[in-house]
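Following: one structure in structure tokens, then a few remarks.
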Amino acid sequence: MSSSLSSSAPFSLSKSQGRPLGQRLLILSAWLAFGLLLLLPLYVVLSEALKLGFGTFFSAMLEPDALAAMQLTLIAVGISVPLNLVFGVAAAWCVSKYEFRGKSLLITLIDLPFSVSPVIAGLIYVLMFGAQGWFGPWLLDRDLQIIFAVPGIVLATLFVTVPFVARELIPLMQEQGTQEEEAARLLGASGWQMFWHVTLPNIKWGLIYGVVLCTARAMGEFGAVSVVSGHIRGLTNTLPLHVEILYNEYNHVAAFSVASLLLVMALFILLLKQWSESRINRQRHNSAEE
Amino acid sequence: MSRRTSPVIPGFGLTLGYTLLYLSLLVLIPLGAMFLKTTALSWSEFIAVITDTRVLAALQLSFGTALAAALINGVVGTLLAWVLVRYTFPGRKIMEAMIDLPFALPTAVAGIALTALYAPSGLIGQWATDLGFKIAYTPLGISLALTFVTLPFVVRTLQPVLADIPREVEEAAACLGANPWQSFRYVLLPALLPAWLTGFALAFARGVGEYGSVIFIAGNMPMKTEILPLLIMVKLDQYDYTGATAIGVLMLVVSFILLLLINLLQRRIATP
């Protein structure tokens with residue numbers, strides 16, 4: 001987005017001395033708001049984490065419970081992102097390549113998890129699979145546990161990240177239309193050949209963008225996971241839940257150390273996002289020139 | 001459900017079927033089960049749960065703070081979007097990239113960072129204490145936390161619309177004698193309003209349901225700083241599943257009605 005925006009910015013030539021006062025004030029107040037609202041919290045995380053030096057910082061991160069939490073977070077991300085990736089491609093495919101009745105309803109349903117509170121997302125799975133839930137007795141008979149165990153955490157993470165990939169792909173694929181796929185079919189390509197050689201290269205960067213956003217949310221989800229986790233240390237704690245426990249135990253330095261690990265991951269995700277976004281723009285730019 | 005425009009392209013049945021199956025299993029059936037669960041309560045019992053003073057206080061707090069945060073973002077977000085689209089200045093690229101930080105940062109991290117910042121001993125909290133007021137553990141603190149988590153919505157919905165408005169439109173207004181404020185108020189604002197409302201609605205909806213960033217800074221005192229999602233958690237901890245479900249249904253219904261209203265308003269503005 002950034003490259004297309006900067007090319008349309010009308011003041012790209014102006015040097016700061018030629019700026020009207022109003023413009024300077026607007027830029028200054030934007031920086032103030034940005035610094036106060038966004039940068040200051042970042043600074044606080046890092047400064048609190050390093051309060052007692054690097055020794056305590058690293059020992060908080062390498063503690064067994066923290067490592068177990070990290071492992072669980074990786075499991076939740078590793079299962080939910082690929083599943084929602086496949087779903088996102090399928091959903092975007094049927095929404096963007098065909099016309100059918102009820103399409104706008106389907107798009108609304110895909111977006112639904114965004115407008116549901118994460119706590120409700122956790123609650124509905126407790127009602128389904130909890131000890132007193134619809135399938136509770138059945139699961140109990142077979143000695144299967146979903147709630148307060150890893151499957152519940154994966155389910156809750158899946159729910160909150162359902163729309164991410166689909167949402168990025170739908171506008172992109174609608175914009176691209178169906179001509180290239182039709183041409184491939186007329187030249188004798190099979191369905192899968194058409195998908196792998198024509199569609200996938202076209203949507204590659206949009207797909208990566210969606211996956212990046214999906215990963216960020218899956219890694220950081222708190223409310224939904226908190227409901228179904230049961231907070232068993234070393235077993236059902238993800239990294240964000242581990243941060244909460246440490247914080248509530250007044251172990252602030254450790255809490256902020258683990259938090260700064262998550263912060264670094266978030267900054268890395270922003271970099272990836274920026275990169276895939278610029279690739280989408282370049283691709284769009286190229287296809288517009290052709 | 002079958003009127004394909006492009007019969008050459010395969011996979012309609014497969015992808016639509018998979019999409020519907022996946023959504024049903026993961027989203028629709030569990031959500032439906034929640035609504036079904038409330039039928040265990042009679043109508044008067046349901047009313048009794050949701051008109052409990054503690055629930056009403058939480059309802060008011062959740063929707064009030066989310067509204068305040070969406071309004072703050074309506075102003076700050078417009079400013080940031082404007083500056084990012086219209087001007088080049090030192091650090092613009094960094095600002096552009098970092099705007100999305102609240103979406104990438106886990107909400108619990110945001111929660112503890114903001115609490116440390118606004119608590120009476122924190123960087124900004126200290127300063128507020130000197131002036132004689134508190135930020136953390138008050139509705140003000142909750143609003144600020146929600147402002148942080150929902151900051152990108154208004155900026156990101158306004159940016160593409162702003163970039164599409166040709167500069168000539170404002171120049172024409174200026175030639176006709178409008179001052180900068182007038183050309184903003186009468187030329188730009190009407191064009192931006194639909195997108196602004198979308199951003200506002202997204203921020204508001206997210207704010208109502210937000211949990212992770214709020215519980216640290218809220219203090220969670222019943223009747224005072226207890227948000228609705230937290231009340232659901234409290235009920236669940238007490239094994240009061242029907243109570244939790246009733247509040248969940250209330251939240252969903254109220255959010256849905258508000259979003260519907262905003263949607264209607266948006267349509268009226270878009271088609272004068």
Side-chain angles (χ1 to χ4, degrees), chain A residues 2 5 8-12 23 26-27 30 33-34 37-38 40-41 44-45 48 87 90-91 93-94 97-102 109 112-113 115 117-120 123-125 127-128 132 134 158-159 162 178 181-182 185 191 216 220 222-223 240 243-244 247 255 259 262-263 266 269-270 274, chain B residues 1-6 8-12 15-16 18-19 22-23 26-27 30-31 33-34 37 76 79-80 83 85-89 95-98 100-101 103-110 112-114 116-117 148 151 159 163 167 180 205 209 211-212 229 232-233 241 244 248 251 255:
Chain A
S2 61
L5 289 178
S8 68
F11 285 94
S12 45
Q23 205 184 107
L26 283 178
I27 293 174
F34 180 72
L37 288 175
L38 274 179
L40 215 52
V44 168
V45 173
E48 293 281 322
F87 165 76
W93 184 268
C94 73
K97 302 291 181 196
Y98 311 100
E99 285 303 326
F100 53 92
R101 245 183 296 156
L109 288 180
L112 190 64
S115 41
S117 171
V119 173
I120 294 180
L123 171 70
I124 57 178
Y125 291 116
L127 295 179
M128 294 277 283
Q132 297 176 27
W134 302 97
L158 264 174
F159 181 96
V162 161
T178 54
E181 278 88 0
E182 277 162 358
R185 285 290 283 169
F222 183 80
V243 169
E244 182 201 19
Y247 187 85
L262 287 166
L263 170 65
I269 281 171
L270 282 185
Q274 201 68 8
Chain B
M1 274 225 221
S2 63
R3 204 159 47 82
R4 317 172 187 191
T5 42
S6 182
V8 204
I9 297 181
F12 177 73
T15 53
L16 183 67
Y18 183 69
T19 305
Y22 192 87
L23 275 181
L26 210 57
V27 180
L31 272 178
M34 182 176 81
K37 178 87 180 170
V76 176
L79 172 73
L80 287 172
V83 165
V85 172
R86 287 296 159 116
Y87 309 138
T88 48
F89 53 91
M95 197 192 271
E96 167 76 42
M98 294 277 282
D100 283 323
L101 180 79
F103 286 168
L105 192 69
T107 50
V109 175
I112 62 170
L114 292 168
L117 188 62
F148 177 86
L151 186 74
Q159 269 184 325
R167 181 81 191 157
Y211 177 76
I232 294 180
M233 289 292 252
Y241 290 105
M251 253 178 101
S255 304

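First the proteins, then the strands, lettered A, B, ... as listed; each starts at 1.
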* To do: Let me see the working for B:Met34 and A:Tyr125 under side chain to side chain contact (heavy atoms under 4.5 Å, CB included), right down to the final yes or no.
  => CA-CA 9 Å; B:Met34 182 176 81; A:Tyr125 291 116; over 6 Å; no

* **Residue pair A:Gln274, B:Glu96: steps toward the side chain to side chain contact (heavy atoms under 4.5 Å, CB included) verdict** => CA-CA 9 Å; A:Gln274 201 68 8; B:Glu96 167 76 42; 4.2 Å; yes

Part of [X] lying under 4.5 Å from any heavy atom of chain B:
X	result
A:Leu38	both
A:Ile120	side chain
A:Phe87	both
A:Leu127	side chain
A:Leu112	side chain

Heavy-atom pair count under 4.5 Å with chain A, highest-scoring of [options]:
options	value
B:Leu31, B:Val83, B:Ile112, B:Leu151	B:Ile112
B:Ala108, B:Pro229, B:Gly248, B:Ala116	B:Pro229
B:Tyr22, B:Tyr211, B:Tyr241, B:Phe89	B:Tyr22
B:Asp100, B:Leu80, B:Ile232	B:Asp100

* Asked: Can you name the side-chain contact (heavy atoms from CB on, under 4.5 Å) partners of A:Pro41, sequence neighbours left out?
  ->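 Applying side-chain contact (heavy atoms from CB on, under 4.5 Å) to A:Pro41 gives B:Ala113, B:Leu114, B:Leu117, B:Phe148.
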
* **Contacts of A:Ala33 that satisfy side-chain contact (heavy atoms from CB on, under 4.5 Å) - sequence neighbours left out** =>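 Result, side-chain contact (heavy atoms from CB on, under 4.5 Å) vs A:Ala33: B:Val76.
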
* Among A:Val45, A:Leu123, A:Ile269, A:Val162, single out the residue with the greatest number of heavy-atom pairs under 4.5 Å to chain B. =>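 Of the options given, most contacts go to A:Leu123.
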
* Please assess A:Lys97 against B:Phe12 for the test side chain to side chain contact (heavy atoms under 4.5 Å, CB included), listing each intermediate value before the final yes or no. => CA-CA 8 Å; A:Lys97 302 291 181 196; B:Phe12 177 73; over 6 Å; no

* Asked: What distance separates B:Ile9 CD1 from A:Glu182 CD, expressed to the nearest 0.5 Å?
  ->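 Rounded to the nearest 0.5 Å, the CD1-CD separation comes to 5.0 Å.
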
* **Region of B:Ser255 that comes under 4.5 Å of a non-hydrogen atom in chain A** =>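 Neither part; nothing is under 4.5 Å.
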
* Asked: Between B:Gly209 and B:Met251, what is the shortest heavy-atom contact and its length?
  ->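 Distance-wise, the nearest heavy atoms are CA-CE, 3.9 Å.
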
* Asked: Can you check side chain to side chain contact (heavy atoms under 4.5 Å, CB included) on A:Trp93 and B:Thr19, steps first, answer last?
  -> CA-CA 10 Å; A:Trp93 184 268; B:Thr19 305; over 6 Å; no

